[in-house]
Asker: 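Sharing a structure with you now.
A quick note: this is a predicted structure, and the numbers were derived from the prediction, not measured. Reminder, nothing fancy here: chain letters follow the sequence lines and each chain counts from 1.
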2 protein chains.
Amino acid sequence: MSKKASQPRDQYSIDDIDKEIIRQLRGDGRMSYRILGQNVGLSEAAVRQRVNRLRENNIFTISVVVNQEAFGINSSATIGINAQGDLRKVARKLADIPETEYVNITAGKFDIIVDVLAADNKELSRIIIEEIKPIKEITEISTNIIMENYKIAYGAGPS
Amino acid sequence: MSKKASQPRDQYSIDDIDKEIIRQLRGDGRMSYRILGQNVGLSEAAVRQRVNRLRENNIFTISVVVNQEAFGINSSATIGINAQGDLRKVARKLADIPETEYVNITAGKFDIIVDVLAADNKELSRIIIEEIKPIKEITEISTNIIMENYKIAYGAGPS
DNA sequence: ACTGAAAACCAAGATTT
DNA sequence: AAATCTTGGTTTTCAGT
């Protein structure tokens with residue numbers, strides 16, 4: 001028993017077949033392993049093994065992606081924020097607001113950028129006025145209402 | 001036999017069970033109908049029907065969500081853009097760049113906001129300099145490098 | 001709820017690097 | 001030798017009645 005090098009946990013190598021699997025599963029995350037196998041040119045068992053490996057190693061998850069309009073979300077915004085004090089604390093507060101979708105600490109014109117999803121303009125307005133503005137560390141808010149979406153890729157990577 | 005309103009195509013009503021289904025499927029989009037039924041308190045057949053209905057009516061899709069870091073994405077940015085001329089044309093050009101993730105036409109300080117995912121700063125820089133800046137309608141670019149992500153909900157709605 | 005059909009799972013064995 | 005793929009048989013899930 002040779003001493004095994006601990007398997008490369010932090011840099012998992014993804015080959016072309018894995019990429020093709022991801023591409024397939026993007027269209028239908030519940031596609032059967034048999035069909036998936038056909039589509040990528042492997043046996044059913046082989047793709048299952050790969051998918052399991054990829055999921056276990058956290059390369060991807062299979063999840064629901066909600067169609068916001070159908071869900072009654074008709075008013076969204078990307079909001080740039082500047083703040084003083086502990087940015088992480090502010091980011092956490094923003095993340096705790098249920099209607100925030102995407103919260104990042106950034107370097108650039110803004111300290112934090114937040115995406116907010118709301119049912120309508122009234123609700124969006126409420127969230128900004130009642131939830132965001134009162135966070136006292138915030139010094140500046142720049143709201144950009146989303147008018148038309150041209151692309152959304154959900155982390156599927158360059159396609 | 002009351003005259004059934006033809007099914008509300010544009011305002012599909014989603015009840016609490018549907019929401020619970022979405023919550024469950026968020027964690028594991030391939031969860032079996034049996035387990036899903038148990039978890040939401042419905043028979044296997046009933047949840048299957050619901051899931052099918054929801055998918056057919058485009059309330060949600062089940063898809064792969066890639067863990068960007070594991071995928072070698074270590075440099076991302078949210079970029080605010082101002083432009084003259086046809087914004088839609090510009091948005092389309094931006095959407096055509098493989099590394100853009102999220103492209104919206106907005107009203108506010110910026111005309112268009114784009115999220116870009118790149119392997120590293122060098123690639124990010126290349127995309128901005130070689131792909132985005134050359135779009136001639138663009139008059140201003142404000143790049144915000146994403147330093148830390150605090151929340152990402154993938155359209156799963158208020159949670 | 002029942003049932004035939006499909007899909008998922010498992011354990012070795014074969015193959016490739 | 002290790003990792004990945006295939007095959008064949010079994011169990012579970014699916015979808016329609």
Side-chain angles (χ1 to χ4, degrees), chain A residues 1-67 70 154 156-157, chain B residues 1 4 6-9 12-73 156:
Chain A
M1 52 333 215
S2 61
K3 170 159 169 301
K4 266 273 85 6
S6 63
Q7 75 193 56
R9 188 168 315 290
D10 41 297
Q11 200 42 6
Y12 192 97
S13 115
I14 293 156
D15 66 16
D16 289 346
I17 296 179
D18 293 327
K19 286 182 187 158
E20 185 56 32
I21 288 173
I22 291 171
R23 215 164 295 132
Q24 293 285 329
L25 253 23
R26 255 208 92 187
D28 177 7
R30 284 185 85 92
M31 180 182 287
S32 79
Y33 291 125
R34 193 162 55 80
I35 305 293
L36 181 57
Q38 278 171 215
N39 291 355
V40 307
L42 282 178
S43 75
E44 179 241 317
V47 278
R48 179 155 34 75
Q49 284 164 14
R50 273 183 186 253
V51 171
N52 287 342
R53 242 170 352 96
L54 290 162
R55 292 176 80 184
E56 278 159 20
N57 286 74
N58 242 304
I59 308 300
F60 62 68
T61 57
I62 296 174
S63 180
V64 139
V65 174
V66 173
N67 170 357
Y154 293 113
Chain B
M1 51 344 201
K4 266 268 91 17
S6 62
Q7 77 191 51
R9 185 166 320 287
Y12 192 100
S13 115
I14 293 154
D15 66 17
D16 290 344
I17 296 179
D18 293 327
K19 287 181 186 158
E20 185 57 32
I21 288 173
I22 290 171
R23 215 163 295 134
Q24 293 286 329
L25 254 24
R26 254 207 94 187
D28 176 7
R30 286 185 85 94
M31 180 181 289
S32 77
Y33 292 125
R34 165 106 80 70
I35 305 292
L36 182 57
Q38 279 173 215
N39 291 356
V40 307
L42 247 55
S43 76
E44 179 237 315
V47 277
R48 191 174 51 240
Q49 283 166 15
R50 275 185 185 248
V51 170
N52 287 341
R53 227 164 17 89
L54 290 163
R55 293 178 80 184
E56 277 160 19
N57 287 73
N58 241 303
I59 308 301
F60 62 69
T61 56
I62 295 173
S63 179
V64 136
V65 174
V66 172
N67 170 358
Q68 294 151 11
E69 284 172 33
F71 214 67
I73 302 288

Asker: For A:Arg53 and D:dA3, give me the distance from atom CZ to atom P, rounded to whole Å.
Answerer: 10 Å
Asker: Let me know the distance between CG of A:Leu36 and P of D:dC5, rounded to the nearest Å.
Answerer: 12 Å
Asker: Below 4.0 angstrom from OP1 or OP2 of D:dC5, is there any side-chain N or O of A:Arg50?
Answerer: yes
Asker: Expressed as a whole number of angstroms, how long is the span from A:Ile14:CD1 to D:dT4:C1'?
Answerer: 17 Å
Asker: Within this structure, what is the CG-to-P distance between A:Leu42 and D:dA3, rounded to whole angstrom?
Answerer: 18 Å
Asker: Is there a side-chain contact between B:Arg48 and the phosphate of D:dA15, meaning an N or O under 4.0 Å from OP1 or OP2?
Answerer: yes
Asker: For the CD1 atom of B:Ile21 and the CZ atom of B:Phe60, what is their distance to the nearest 0.5 Å?
Answerer: 7.0 Å
Asker: Whole angstroms only, please: what is the CD1-P distance between B:Ile35 and C:dC9?
Answerer: 12 Å
Asker: Which distance, rounded to the nearest 0.5 Å, do you find between the CG of B:Asn52 and the CG of B:Asn57?
Answerer: 10.5 Å
Asker: Is the positively charged end of B:Arg30 above the ring of A:Tyr33, judged by distance under 6.0 angstrom from the centroid and angle within 45° of the axis?
Answerer: yes
Asker: Separation of A:Met31 atom CE from C:dA8 atom C1', in whole Å?
Answerer: 16 Å
Asker: Would you mind reporting whether A:Ile62 and B:Ile62 have side-chain heavy atoms less than 4.5 Å apart?
Answerer: yes
Asker: What's the CG-C1' distance between A:Asp15 and D:dC5, to the nearest Å?
Answerer: 13 Å
Asker: On DNA chain C, does the nearest nucleotide to B:Ala45 precede the nearest nucleotide to A:Ala45 from the 5' side, or the other way round? Give the residue.
Answerer: B:Ala45
Asker: Salt bridge or not between A:Glu56 and A:Arg53? Use side-chain N to carboxylate O under 4.0 Å.
Answerer: no
Asker: Return whichever of A:Gln49 or A:Asn52 has its heavy-atom-nearest nucleotide of DNA chain C closer to the 5' end.
Answerer: A:Asn52
Asker: In this structure, how many angstroms lie between the C1' atom of D:dT4 and the CD atom of A:Glu56, rounded?
Answerer: 15 Å
Asker: Which one, C:dC9, D:dT6, D:dC14, comes nearest to the side chain of B:Tyr33?
Answerer: D:dC14
Asker: Identify which nucleotide among C:dA8, D:dT4, D:dT7 has an atom closest to any side-chain atom of A:Glu44, counting heavy atoms from C-beta outward.
Answerer: C:dA8
Asker: Using the closest heavy atom to pick a nucleotide of DNA chain D for each, name whichever of A:Ile17 or A:Arg30 lands nearer the 5' end.
Answerer: A:Ile17
